[in-house]
Amino acid sequence: MHKKLFIPGPTEVREEILRAQANPMIGHRSVDFSALYGGVIEKLRKLFGTNRKAFVFTSSATGVMEGAIRNTVNRNLISFINGAFSKRWHEIALRNGKEADAVQVEWGLAIKPEMVEDALKKKHYEAVLVTHNETSTGVMNPLGEIAEILKDHPDTLLLVDAVSSLGGAPIEIDRWEIDVIFASVQKCFALPPGITVTFVSDRALEKAKKVENRGYYFDFLTMLKYYEERKQTPATPAISLLYALDVQLDKMAEEGMENRFRRHREMAEMAREWGRKHFELFAEPGYESLTVTTIKNTRGISVAELNAELAKRGFVISNGYGKLKEKTFRIGHMGDLTREDLSELLKNINEILELER
Ligand SMILES: *Cc1c(COP(=O)(O)O)cnc(C)c1O
């Protein structure tokens with residue numbers, strides 16, 4: 001039986017999008033490919049209202065987490081860590097031999113602009129790493145406010161992991177002067193996994209020219225060269241996924257981004273209301289995510305058993321991440337899910353746990 005995904009990635013993919021992948025194959029050095037990829041890039045820039053360069057990497061987002069650092073940092077950076085994904089990004093920086101400092105806050109809390117301001121006062125960094133939406137905890141960091149702080153530090157680049165928020169929550173890429181921002185498509189874009197949408201500022205591209213050992217596969221300048229010359233990519237891309245992305249970008253434009261954000265907000269409010277009524281929310285108040293709600297398991301239920309029962313009914317939610325397993329659980333409400341879908345899920349959880357509506 002098909003189980004509808006209410007997990008924070010991969011998200012539920014609509015039939016029409018799955019089918020778009022089944023188009024006949026084309027060569028990646030053909031004019032047909034250039035038309036497809038060129039179209040996708042222009043649609044992305046338009047949909048996200050940005051003049052920045054756009055790339056689609058054939059890789060999950062973790063590849064671009066590494067690439068963003070390799071392209072823009074010679075020596076040092078600072079990570080802001082409040083969960084598993086921001087911690088991973090920090091680790092990637094260290095494994096790439098960068099001098100990486102870190103500001104860590106307890107899981108469940110948000111990164112505040114003051115924390116960034118204090119850190120940048122003490123020391124100069126080439127880049128600041130911020131995870132917009134910490135999918136492991138359900139905390140959405142105040143990216144716009146953090147970006148304001150960076151405006152006083154023109155030699156420090158702002159690198160943003162927006163993997164589980166881009167396309168589901170409003171992000172003003174140009175106005176906030178974000179230098180590198182990326183999202184794999186199995187979250188808010190509601191596509192099968194395998195490619196990562198990336199926007200890069202001119203300032204970051206200029207910096208890349210002065211960075212050694214950028215590698216090859218994720219080198220922004222190589223990607224740009226192939227794009228500008230022929231609207232192609234250096235290596236063979238996941239063409240089937242690009243077909244699906246092309247269709248999905250049209251669907252997103254049809255829905256309208258404002259409507260898409262509103263739908264995500266409404267689902268988040270519904271999940272929070274349910275969470276507060278029957279349990280407690282895990283995220284610091286005021287910083288709850290718009291795309292995933294993390295609920296404290298205050299009733300001491302077995303999350304694994306709940307999921308087993310939900311599976312029989314055709315649904316799946318997520319247990320808590322890592323050390324938060326069974327202490328919390330997560331309901332993903334991103335991508336193409338609707339309020340009706342979420343309401344159906346909550347009704348079923350209520351029945352299984354014998355909660356009152
Ligand atoms: C899912 C996720 C990642 C990892 O992305 P992959 O596509 O699995 O590599 C990184 N950061 C955040 C915030 C995520 O939600």
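Whatever order the structure lists ligands and atoms in, that order sets their numbers, starting from 1. Model, not experiment: these values are computed from the prediction.
At the shortest separation from atom 8 (O) of ligand 1 among protein heavy atoms lies Q186 NE2, 3.7 Å. Nearest to atom 15 (O) of ligand 1 among the protein's heavy atoms is T135 OG1, 2.4 Å. Here the protein heavy atom with the shortest distance to atom 14 (C) of ligand 1 is K187 NZ, 3.0 Å. Looking at atom 11 (N) of ligand 1, its nearest protein heavy atom turns out to be D161 OD2, 2.6 Å. Ranking protein heavy atoms by distance to atom 5 (O) of ligand 1, first place goes to A61 CB, 3.6 Å.
When heavy-atom distances to ligand 1 are checked against a 4.0 Å cut-off, S184 comes that close only through its side chain, counted from C-beta outward. Contacts between R88 and ligand 1 below 4.0 angstrom, taking non-hydrogen atoms only, involve the side chain exclusively. Residue contacts with ligand 1, taken as heavy atom pairs separated by less than 4.0 Å, involve T62 via backbone and side-chain atoms alike. Contact annotation for T196 and ligand 1: no heavy atom of the residue comes within less than 4.0 Å of the ligand.
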Worked check of salt bridge (charged side-chain N to carboxylate O under 4.0 Å, His left out) between E288 and R276: CA-CA 12 Å; E288 300 91 347; R276 284 194 195 101; 3.7 Å; yes
Could you walk me through whether E206 and R203 pass the salt bridge (charged side-chain N to carboxylate O under 4.0 Å, His left out) test, one step at a time? CA-CA 5 Å; E206 280 308 309; R203 189 165 65 161; over 6 Å; no
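Rounding to the nearest 0.5 Å places NE2 of H132 at 9.0 Å from OG of S164.
Here F48 and F189 bring their ring centres to under 6.0 angstrom of each other.
In this structure, I317 and L306 have side chains that are in contact, with non-hydrogen atoms separated by less than 4.5 Å.
For the pairing with Q232, the side chain to side chain donor-acceptor pair (under 3.5 Å) check across H28, R29, K225 returns one residue only, R29.
F279 and W274 have tilted rings, their planes meeting at an angle from 30° to 60° on a 0 to 90° scale.
Residue contact check: S60 has heavy atoms under 4.0 Å from atoms 6 (P), 7 (O), 8 (O), 9 (O) of ligand 1. For ligand 1, the atoms lying closer than 4.0 Å to a non-hydrogen atom of N133 are 13 (C).
Surrounding NZ of K87 are at most 12 heavy atoms belonging to other residues, nucleotides or ligands under 6.0 Å away.
Of the listed options Y321, F85, W89, F182, F85 places a heavy atom closest to atom 3 (C) of ligand 1.
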